[in-house]
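Below: the structure, in structure tokens.
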Amino acid sequence: MRKGLRSLRVACGLFAALTGTAAFAQQKVDTVVTNGRILTVDANFRIVEALAINDGRIVARGTSAEVARYAGPSTKVIDVRGATVIPGLIDNHFHFTRAVERWHQQARFEGVSSRREALQILAAKAVSLKPGEWVMVQGGWTPRQFADAPGGFTLEELDGVAPKNPLFVQEGYSLVYANSLALKAVGLNPADGARRSATGLVSFQPPYALYDAMPPASPAQLDQNLTDFMHELNATGLTGVYSLGQSKYLAERAAKGPLPLRLWETLPVFANDPASAATAAAVIERSRPNQFDGQYGIFGLAETLYRPFFDLAPRKDPWPAEIMNEYGKLATAAARAGWHIHEHVINNSAVTDLLDTLERVNKTQHIDRLRWTLGHVYDISPANIARAKALGMTLGVHGAAMQAGAHMPLRKIADSGIVFGLGTDATIVSHYSPFVTLGWVVSGLDVGGNRVLDETLTREEALIAHTRSNAYLFFQENALGSLEVGKQADLVVLDRDYMTVPAAEIKHIHPTLTMVGGRVVFSAAK
Ligand SMILES: [Zn+2]
């Protein structure tokens, strides 16, 4: 092997000698990004001015003068004129396809702190559609984010902004506000008001009666929605998301490639009882883990490995042994086959029970190199953080905790040294904007300016968690997550400086350009 490498190097040297001067001239690249304040987010958090990019990868970095040598006549030079540049942001927990399926009908309140503005957004969406077409907000907001007038929506407000279109606004999974046309469409009486519990609309998760009343998107519409939603996420600074679930249309689009957004998906397995768990374990054991090919692929198992272990409200009693034993069997199968698990767990008591099980699994089947992620962890004790770290595990901190108003122990998490990545859990229980998330963890404030965190992160810690640490969660630390030579050129140019803008304004930062693998996938100038 060694010998082979050496002779290859000799051969290259010989080739260079034969081609003469070209071998000694500076290599020219296809793209240069220059005059920036580029936060590389490498191990030293080094800041450089310029990057030379060739064939999607960074080949050099340094001062603008140093990197200028890489520019030839056919090099595309992107002069960012002093703007701050960061690595592409990665979201480690995203319900992506759910948003895509209804994207053409959706209005969103990401970062919107004024009720008046929210109503204007609804009105603008309604007039952009034909009369009778549905308008919806698929969650991602809270009544307290409207600093001028907190609260949900009245029938008069919703009828006022959409007099000709059925309209509903979901508040998480459990509540929905609908206008008269939407209520009538599902046989409800508008005289009872706009606010409904989603359970009253026969549903646990989205208010299905309303979803069922809407015509499904045609295949062509779905295709357009996918394009538009990926573009929207690029415009918010995202270059990769962990899309929980699997979908044929994503696989088909990826096959046509290249995608403007790196997408990780989950293995389709379903374990609801001991019998289906046995089947799922067999599927897990015979499936190849981490099929991500650089832009797309099934990565891991998420977000409830064994459905009966689904942690929502805090419990008085530990999770029953018969449930945790089944979980242990599935986890053992996953560990044996080398699968990553990203497990939904909200309360510290459930974290304790899960870690008890995983420590037991680890005695017979090592999990400590698999970087399994405890996702959500609104509440987690320092002792449990240390136990998870000892198992080589990681944490997923999600914007949904802001929406829930959870007082997450972020300082304890950061100081523990465990690797933790940021994400959202979009789109129903969370916004999807990474800058809303970064603003929340740095300022401790929600979108409405309410203090929801007692413990916050430094700007550096937050940015690392949204980039490099997520690359680590996905075993991509050699390719993604920081702007270093040899890595993919996934980057975002910002309209203001993330490091110095007031913390409460981080949520208002907008990308002006987003690049994935050296390709510009979003430009505000266009
Ligand atoms: Zn979850």
Side-chain angles (χ1 to χ4, degrees), residues 90-99 138-142 170-175 198 203-206 241-247 263-272 280 299-315 319 323-324 327 330-331 334 339-355 357-358 371-380 384 388 393-408 410 413 420-432 434 436-437 440-441 465-466 470 473-474:
I90 302 169
D91 187 319
N92 69 41
H93 193 114
F94 204 116
H95 297 277
F96 178 83
T97 54
R98 187 158 71 190
Q138 198 178 45
W141 65 284
T142 68
Q170 258 181 270
E171 180 192 327
Y173 287 121
S174 53
L175 263 184
S203 87
F204 160 58
Q205 293 217 326
V241 307
Y242 192 9
S243 169
L244 305 182
Q246 328 72 38
S247 101
L263 287 168
W264 292 264
E265 283 195 309
T266 59
L267 183 72
V269 283
F270 185 82
N272 202 35
F299 168 66
L301 306 164
E303 66 176 301
T304 47
L305 186 62
Y306 187 53
R307 299 295 165 106
F309 180 68
F310 182 56
D311 171 44
L312 288 173
R315 294 163 60 93
W319 280 86
I323 290 179
M324 299 319 292
Y327 192 101
L330 284 159
W339 279 95
H340 182 269
I341 296 173
H342 183 123
E343 182 63 43
H344 161 110
V345 61
I346 291 176
N347 299 288
N348 188 54
S349 56
V351 173
T352 300
D353 296 348
L354 180 58
L355 289 172
T357 300
L358 296 182
R371 309 179 184 179
W372 287 358
T373 304
L374 300 173
H376 307 324
V377 289
Y378 292 2
D379 181 23
I380 183 168
N384 278 342
M393 295 179 76
T394 56
L395 302 181
V397 172
H398 302 142
M402 178 186 82
Q403 190 162 320
H407 291 256
M408 289 195 66
L410 291 184
I413 289 171
F420 67 99
L422 287 171
T424 57
D425 202 3
T427 52
I428 292 176
V429 295
S430 178
H431 64 274
Y432 52 70
V436 172
T437 305
W440 161 61
V441 295
H466 227 322
N470 280 336
L473 260 60
F474 300 133

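Numbers here are sequence positions counted from 1. Nothing here was measured: the structure is a model prediction, and the numbers come from that model. Computation of the quantities below employed the complete heavy-atom set of this structure, encompassing side-chain atoms and omitting hydrogens, waters and symmetry-equivalent molecules. Counting starts at 1 for both ligands and their atoms, in listed order.
- Around the Zn ion (ligand 1), the protein N, O or S atoms closer than 2.8 Å are E303 OE1, H344 ND1, H376 NE2, listed by chain and residue number.
- Applying the side chain to side chain contact (heavy atoms under 4.5 Å, CB included) criterion to D379, with sequence neighbours excluded, gives N348.
- No side-chain heavy atom of H376 sits under 4.5 Å from any side-chain heavy atom of V345.
- R371 meets the salt bridge (charged side-chain N to carboxylate O under 4.0 Å, His left out) test with E477; sequence neighbours excluded.
- Residues that satisfy the side chain to side chain contact (heavy atoms under 4.5 Å, CB included) test with T266, not counting sequence neighbours, are Y242, L244, Q246, A302.
- Of the listed residues (L305, L312, V377), just one forms a side chain to side chain contact (heavy atoms under 4.5 Å, CB included) with H344, and that residue is L312.
- Panel note: side chain D425, backbone S430; no donor-acceptor pair is recorded below 3.5 Å.
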